[in-house]
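From a predicted model like this one, the values you see are computed outputs, not experimental measurements. What you see below is based on every heavy atom in this structure, not just the backbone, and it leaves out hydrogens, waters and symmetry mates.
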Amino acid sequence: MTFERFLETAYRLWDQIPEHFKRGLQGMHVLERAKRDPDEPELFRLGEYLSPGYPTVLGGFEGLGRHIALYYGSFRAVAYPGFDWEGEIWETLLHELRHHLEFLAGRDDLVEEDLEYLRQYRQGKR
């Protein structure tokens with residue numbers, strides 16, 4: 001899939017998400033580069049929820065906002081013949097959106113699930 005087609009697909013899927021689920025998000029960004037996990041460089045991050053965190057008493061993070069990023073290069077790196085590009089884009093979008101919604105609710109269940117995945121991955125590497 002070309003970057004242009006990936007971009008079109010990602011934004012079409014983004015537009016299908018009801019606005020109330022995107023409350024508090026500045027938007028979604030599609031980046032052409034790949035992103036490796038900093039602790040496990042053989043793993044690629046398909047997407048990320050980028051949040052400056054909670055505002056502080058010193059004024060917080062005005063202007064930065066919360067975003068979802070998708071990394072086209074990472075999708076290309078993990079793609080194989082028959083790869084379901086649209087399905088994977090959708091799954092990644094929903095995963096990152098869940099991070100956002102849990103953040104707003106003061107929860108971190110998905111963070112714990114992601115950490116458990118990494119623990120299991122590391123055990124399998126040995």
When rounded to the nearest 0.5 angstrom, what is the spacing between [atom1] in [X] and [atom2] in [Y]?
X      : Y     : atom1 : atom2 : value
Glu96  : Arg66 : CD    : CZ    : 15.0 Å
Tyr121 : Asp37 : OH    : CG    : 9.0 Å
Met28  : Leu93 : CE    : CG    : 5.5 Å

* Might you confirm whether atom CZ of Phe83 has over 12 heavy atoms from other residues, nucleotides or ligands at distances under 6.0 Å? =>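 Yes, because the 6.0 Å sphere around CZ of Phe83 holds more than 12 heavy atoms from other groups.
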
Distance-only donor-acceptor pairs under 3.5 Å for side chains of residues 72-80, two or more places apart:
unit_1, atom_1, unit_2, atom_2, d
Tyr72, OH, Met1, O, 2.5
Tyr72, OH, Phe3, N, 3.3
Ser74, OG, Lys35, N, 2.8
Ser74, OG, Lys35, O, 3.3
Ser74, OG, Arg45, O, 2.8

* Looking only at heavy atoms, which two atoms of Asp109 and Glu102 are closest? And how far apart? ->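 Of all heavy-atom pairs spanning Asp109 and Glu102, the closest is N-OE1, 3.0 Å.
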
* Least distance between heavy atoms, Leu13 atom then Trp90 atom -> O-CZ3, 3.4 Å

Non-hydrogen side-chain atoms of [X] and [Y] separated by less than 4.5 Å:
X      : Y     : result
Ile89  : Leu70 : yes
Asp114 : His99 : yes
Glu48  : Ile68 : no

* Asked: Got a sec, which pairs hit ring pair (Phe, Tyr, Trp, His ring centres under 6.0 Å) with one end in residues 18-50, sequence neighbours left out?
  -> His29-His67, Tyr49-His100

If you group Ile, Leu, Val, Met, Phe, Trp and Tyr by side-chain heavy-atom gaps below 4.5 Å, do [X] and [Y] land in one group?
X      : Y     : answer
Leu31  : Phe6  : no
Trp85  : Leu94 : yes
Leu7   : Leu25 : yes
Leu101 : Trp14 : yes

* Asked: How would you list, by chain and number, every residue that makes a side chain to side chain contact (heavy atoms under 4.5 Å, CB included) with Arg23, sequence neighbours excluded?
  ->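 Here the qualifying residues are Leu104.
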
* Please name all residues satisfying side chain to side chain contact (heavy atoms under 4.5 Å, CB included) with Glu116, sequence neighbours left out, ordered by chain then number. => Arg119, Gln120

Would you say the side-chain atoms of [X] pair up with the backbone N or O of [Y], donor to acceptor, closer than 3.5 Å?
X     : Y      : value
Arg36 : Pro41  : yes
Lys22 : Leu97  : no
Glu40 : Leu118 : no

* Pairs meeting criterion side-chain hydrogen bond (donor to acceptor under 3.5 Å, both in side chains) with involvement of residues 1-11, two or more places apart ->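 Checked against side-chain hydrogen bond (donor to acceptor under 3.5 Å, both in side chains) - neighbours excluded - no pair reaches residues 1-11.
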
* Check step by step if side-chain contact (heavy atoms from CB on, under 4.5 Å) holds for Glu113 and Arg98. => CA-CA 12 Å; Glu113 287 178 32; Arg98 181 176 164 198; 3.0 Å; yes

* **salt bridge (Lys or Arg N to Asp or Glu O under 4.0 Å) contacts touching residues 82-91 (sequence neighbours left out)** =>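 Of all non-adjacent pairs touching residues 82-91, those that pass salt bridge (Lys or Arg N to Asp or Glu O under 4.0 Å) are Arg12-Glu86.
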
